[in-house]
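Beneath this line is the structure, given in structure tokens, with notes to follow.
In what follows, chains are A, B, ... by sequence order, proteins preceding strands, each numbered from 1.
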2 protein chains.
Amino acid sequence: MSDTNTGVPSLVGAPLPSPVPADEYERCPVTEVVRRIGDKWTMLVIVLLGRRAHRFNELHRGIEGISQRMLTRTLRALESDGLVDRQVFPTVPPSVEYRLSPLGRSLLTPLSALADWVVEHGDELGRAGGTETDVVGPGGGPA
Amino acid sequence: MSDTNTGVPSLVGAPLPSPVPADEYERCPVTEVVRRIGDKWTMLVIVLLGRRAHRFNELHRGIEGISQRMLTRTLRALESDGLVDRQVFPTVPPSVEYRLSPLGRSLLTPLSALADWVVEHGDELGRAGGTETDVVGPGGGPA
DNA sequence: CCGCATCCCGGCCGATACTG
DNA sequence: CAGTATCGGCCGGGATGCGG
């Protein structure tokens, strides 16, 4: 299912015979996206906009702790990524609505998979054991 | 599927009746994980370890551009998150093997979903249109 | 071979003030 | 209401060198 010849030959697949050169990983597509949405606020915005369209200050109040600056930046980034659509109403006072683009909405699906994982395994994260460093006896190792 | 009462009531679901207070989003679990794996190298390491166990310098050579410092940091972080297991062979010279823990392997599944999305929509990202800012005529807006 | 310590820089991000 | 401008702290992350 995940298997297309784009550099991501299914993450869960068995160890492939030809261990793809390092260059392939350098521009790993998953990494790209994760880095895109991996910053401090992006995910929160996506989640909020995943529910319904929001106006600027609506988001500003909805995401406690975010500054105007970062909200603007985050929205601009999402916009230029084509994940959110921005709609300006030239009223007085002006108002702007942000909503997830079709592309952005399609992203919600894999994101839900992640959410599912967190719901199921999230409690095992954090401090999964301080000293599980498993030392085997001499002579058993590779080198 | 995504719907457990843990704070992530399915991202793709229709707009829920009770619009959860902002506090809920503050500690959005998905955001947590994404921030965990959203740094520069973590995803690459996970992908490599997803194929098979690797030794330190094997990873170092496999992920072109990473410094020893960052590889160590990344591995330590993944380790304390319980996503990778570290196994030391007290040989001379010493050797260390890193492999995905069961938890880490379980993470590959949702990550694959993301990979699938990238494979399918990745080309629409980046510059999805400079000035798609849609301005409607006066009188049509909310405010 | 594995990994830590130190130095340093650039960018992320917050606070604040100002504009249409 | 919806931003922009500027300053500054903090930290991610690269280079190098040392230790077990």
Side-chain angles (χ1 to χ4, degrees), chain A residues 26 31 34-45 48-49 53-80 84-99 131 133-136 138-143, chain B residues 26 31 34-45 49 53-80 84-99 131 133-136 138 140-143:
Chain A
E26 196 41 65
T31 302
V34 169
R35 294 223 66 189
R36 279 270 194 31
I37 63 178
D39 69 311
K40 195 169 182 180
W41 304 107
T42 298
M43 184 65 78
L44 280 321
V45 172
L48 275 185
L49 293 184
H54 281 73
R55 300 182 41 184
F56 186 87
N57 276 356
E58 218 172 354
L59 289 170
H60 191 202
R61 282 185 298 269
I63 305 178
E64 199 172 274
I66 197 174
S67 61
Q68 283 189 338
R69 171 190 165 89
M70 288 318 295
L71 181 53
T72 301
R73 273 172 168 259
T74 303
L75 287 169
R76 289 284 180 278
L78 285 169
E79 201 186 342
S80 74
V84 317
D85 287 336
R86 177 187 142 112
Q87 192 174 15
V88 180
F89 301 97
T91 51
V92 286
S95 84
V96 181
E97 272 195 9
Y98 295 91
R99 72 188 69 247
T131 325
T133 302
D134 204 24
V135 182
V136 306
Chain B
E26 195 43 65
T31 302
V34 169
R35 295 222 64 189
R36 279 272 193 32
I37 62 179
D39 68 314
K40 195 170 183 180
W41 304 107
T42 299
M43 184 65 79
L44 280 322
V45 173
L49 293 185
H54 281 73
R55 298 183 42 186
F56 186 87
N57 276 357
E58 218 172 354
L59 289 170
H60 191 204
R61 282 185 298 269
I63 305 178
E64 199 171 275
I66 196 174
S67 60
Q68 284 188 339
R69 170 191 162 89
M70 288 319 295
L71 180 53
T72 302
R73 274 171 167 257
T74 303
L75 287 169
R76 288 284 178 279
L78 284 170
E79 200 187 341
S80 74
V84 317
D85 287 336
R86 177 186 142 114
Q87 192 174 14
V88 180
F89 300 96
T91 53
V92 286
S95 83
V96 182
E97 271 195 11
Y98 296 91
R99 69 189 70 248
T131 325
T133 303
D134 205 23
V135 182
V136 306

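- When rounded to the nearest whole Å, the span between CZ of A/Arg35 and P of C/dC12 equals 9 Å.
- Nearest nucleotide to the side chain of B/Arg86, out of C/dG3, C/dC1, D/dG13: C/dG3.
- Between A/Lys40 and A/Gln68, the one whose closest nucleotide on DNA chain C sits nearer the 5' end is A/Lys40.
- A straight line from CD1 of A/Ile66 to P of D/dG3 spans 13 Å, rounded to a whole angstrom.
- Spacing between atom CG of A/Leu44 and atom C1' of C/dC13 amounts to 15 Å, rounded to whole angstrom units.
- Using a 4.0 Å cut-off, no side-chain N or O of B/Arg55 falls inside it from OP1 or OP2 of C/dC1.
- For A/Ala53 against A/Glu97, the heavy-atom pair with the smallest separation is CB-OE1, 3.9 Å.
- Side-chain atoms of B/Asp39 lie closest to D/dG13 of the nucleotides D/dG13, D/dC1, C/dC1.
- The CZ-C1' distance, from B/Arg69 to D/dC18, rounds to 15 Å in whole Å.
- The side chain of A/Thr72 lies closest to D/dT4 when the candidates are C/dG20, C/dC2, D/dT4.
- The two residues A/Pro94 and A/Arg55 have their closest heavy-atom pair at O-NH2, 4.3 Å.
- When the nucleotides D/dG14, D/dT6, D/dG3 are ranked by their closest atom to the side chain of B/Ser67, D/dG14 comes out on top.
- For B/Leu59 and C/dC1, the CG to C1' distance is 13 Å, given to the nearest whole Å.
- Distances were taken from every side-chain heavy atom of A/Tyr98 (C-beta onward) to each of D/dG20, D/dG12, D/dG3; the shortest belongs to D/dG3.
- Atom C1' of nucleotide C/dC2 and atom CZ of B/Phe89 are separated by 14 Å, given to the nearest angstrom.
- Whole-Å rounding puts the B/Trp41 CH2 to D/dC11 C1' distance at 17 Å.
- Candidate nucleotides D/dA2, C/dC1, D/dT4 were compared by shortest atom distance to the side chain of A/Asn57, and D/dA2 ranks first.
- For the pair A/Glu58 CD and D/dA2 P, the interatomic distance rounds to 9 Å; values are reported in whole Å.
- Considering every non-hydrogen atom in both B/Arg86 and B/Val96, the closest pair reads CG-CG1, 3.7 Å.
- Distances shown here put a side-chain N or O of A/Arg76 below 4.0 Å from the OP1 or OP2 atom of D/dG3.
- Distances were taken from every side-chain heavy atom of B/Met70 (C-beta onward) to each of C/dG14, D/dG14, C/dC1; the shortest belongs to D/dG14.
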| request: Under the side-chain contact (heavy atoms from CB on, under 4.5 Å) rule, what do A/Thr74 and A/Leu44 come out as? Steps first, then yes or no, please. | output: CA-CA 10 Å; A/Thr74 303; A/Leu44 280 321; over 6 Å; no

| Check against side-chain contact (heavy atoms from CB on, under 4.5 Å), A/His60 and A/Ile66 | CA-CA 7 Å; A/His60 191 202; A/Ile66 197 174; 3.9 Å; yes

